[in-house]
J.: 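Have a look at this one.
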Protein chains: 2
Amino acid sequence: MSFTATEENYIKAIYHLQQRLGKAGTTVLAEAMQTRPATVTDMLKKLEAKKLLHYRRYKGFSLTESGNRLALLIIRKHRLWEYFLVHKLGFNWDEVHYMAEELEHISSRELITRLDQFLGKPAFDPHGDPIPDGKGRLKTIRQMNLMTLPLKKILVVQSVRNQSADMLELLNHYHIGIGTKLKVLRRFAFDGSAEIKVDKQPITIISNQVAQNVYCCI
Amino acid sequence: MSFTATEENYIKAIYHLQQRLGKAGTTVLAEAMQTRPATVTDMLKKLEAKKLLHYRRYKGFSLTESGNRLALLIIRKHRLWEYFLVHKLGFNWDEVHYMAEELEHISSRELITRLDQFLGKPAFDPHGDPIPDGKGRLKTIRQMNLMTLPLKKILVVQSVRNQSADMLELLNHYHIGIGTKLKVLRRFAFDGSAEIKVDKQPITIISNQVAQNVYCCI
DNA sequence: ACATATTTTTAGATTAGTCTAAATTTTATG
DNA sequence: CATAAAATTTAGACTAATCTAAAAATATGT
């Protein structure tokens, strides 16, 4: 069975909505797909006919087992291509999304297997999101320092590499400890400093040296 | 201006027909596109409206300057991706065509620029066909097929004209690939077959059909 | 040169993915 | 619990790319 890029995009969007909101309705899916609810209804019927969805009119819908598998395959392709674009072609992690949106629909499975191999079977993409393996399994946690983690996501501090007294003094000042929740709002190219919002604290700036030593998960 | 994959495929097919046959008619283009002449006529009008074609009904058509540029860009993408698939992912040269047919429609120009860089700006793809550079220029090496080249000289295989899976299978059997060194020892008038010595292989015979498709330089 | 064959175009229909407007079902509220 | 609001679906239409069948233009062969 093969699917159009549009069908694949619907499946991916439904997967992400189910992950984030627990469920998904026609209207919310229409917003996610930048289209109208009527259009979504038509597509739901088509996806049901292809056995990717359970669907009962007016009641709701959810991915079938094979819908779920397809979603994970598309996400796998997307994230492997993002990894390739950043780590092999030298793009910045904020430039690669729209390219990966196209590349994820290239059909060959063998291509993805070989790409995965070529990249060293990475478990996380450049945004820190986990890459499903060949069987659709996800690694759940990843720790990276504040320089490499995505902006505007809630991060939980997991570890601090340099644990000198001087460093800990500074972290205390920022009210940063293990388990602290924070967001990186902005990075400044000039000196690698970063604007952050620590839970319940005012917005502030940390230096590059600090940011490189603070490891978080998403 | 952006184009659908179908439009791009028509432009590419017209370019190749013009190169190989000097001109192209509706019927011949329909065969190349595996569709009907009526469908081709509709598309010709669309491509004319997009200024990729000169078209006069019943009289014929040819690529405009921008049509030509687009064709060369698509061919560039196709051949760079083939190079990537063979030299980075380890595919055989007879496995990559269909994947490249999809990859050539990925839109980002920056992606192609970076891919070109990453691959070391190759001038020839794994089949020996020249890769247009960023400005659409092609390296042309004087190549002749095995029927027209002198006997008993060391020849280097540069390209293979018929790139069907059947042909590539046969060439693999002979251990002939791009860059292979060989000599033509003798030609037989009866059926146009040729006795050849492929580098490190025993002396063997190839048919006229094969000889006509293998292009070498001295 | 003129009838016939070939090529090309037109006309009208089909499918996928989309739209708007209207109708229907479910949910929430007074 | 009746009714208003919200969500969802249906109906009918549009565009791109395709088809078949038929008409029109061009090319060919004695």
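Chain A is the first sequence line, chain B the second, and so forth, proteins listed ahead of strands; every chain is numbered from 1.
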J.: Measuring only between side-chain heavy atoms, which start at C-beta, is B/Thr6 closer than 4.5 Å to B/Met43?
T.: yes
J.: Report the distance from atom CE of B/Met33 to atom P of D/dC19, rounded to the nearest whole Å.
T.: 10 Å
J.: What string of B, S and - do you get for nucleotides 2-8 of chain C, 5' to 3', when a contact is any protein heavy atom under 4.0 Å?
T.: -----SB
J.: With a 4.0 Å cut-off, would you call A/Glu48 and A/Arg57 a salt bridge?
T.: no
J.: Are A/Lys181 and A/Asp199 close enough for a salt bridge, meaning some N to O gap below 4.0 Å?
T.: no
J.: From CG of B/Asp42 over to P of D/dC19, roughly how many Å is that when rounded to an integer?
T.: 10 Å
J.: Considering just the side-chain nitrogens and oxygens of A/Lys45, establish if one lies under 4.0 Å of OP1 or OP2 belonging to D/dT9.
T.: no
J.: Count the heavy atoms belonging to other residues, nucleotides or ligands that lie under 6.0 Å from NZ of B/Lys121, then report whether that count exceeds 12.
T.: yes
J.: Just the rounded figure in Å: distance from P of D/dA16 to CG of B/Leu47.
T.: 12 Å
J.: Can we say B/Arg114 and B/Glu110 salt-bridge, meaning some charged N sits less than 4.0 Å from an Asp/Glu carboxylate O?
T.: yes
J.: Can B/Glu169 and B/His173 be counted as having a side-chain donor-acceptor contact under 3.5 angstrom?
T.: no
J.: Which of residues 2-13 of chain A have a heavy atom under 4.0 Å from DNA chain D?
T.: none
J.: Figure out the CZ/P separation between A/Arg36 and D/dA6, and round it to whole Å.
T.: 17 Å
J.: Expressed as a whole number of angstroms, how long is the span from A/Glu31:CD to D/dA7:P?
T.: 9 Å
J.: Under a 3.5 Å threshold, yes or no: a donor from one side chain and an acceptor from the other, between A/Asn9 and A/His105?
T.: yes
J.: Please state how far atom NZ in B/Lys23 lies from atom P in D/dT26, giving the value in whole angstrom units.
T.: 15 Å
J.: Can you see whether B/Phe84 has A/Lys88 sitting over its ring - NZ or CZ less than 6.0 Å from the centre and within 45° of the normal?
T.: no
J.: Do other residues, nucleotides or ligands put more than 12 heavy atoms under 6.0 Å from A/Phe188 CZ?
T.: yes
J.: What is the separation between atom CG on B/Leu44 and atom P on C/dT9, rounded to the nearest whole Å?
T.: 7 Å
J.: By nearest heavy atom, map B/Thr39 and A/Thr39 onto DNA chain C; which one lands nearer the 5' end?
T.: B/Thr39
J.: From C-beta outward on B/Ala38, which listed nucleotide comes closest to its side chain: D/dT9, C/dT18, C/dA11?
T.: C/dA11
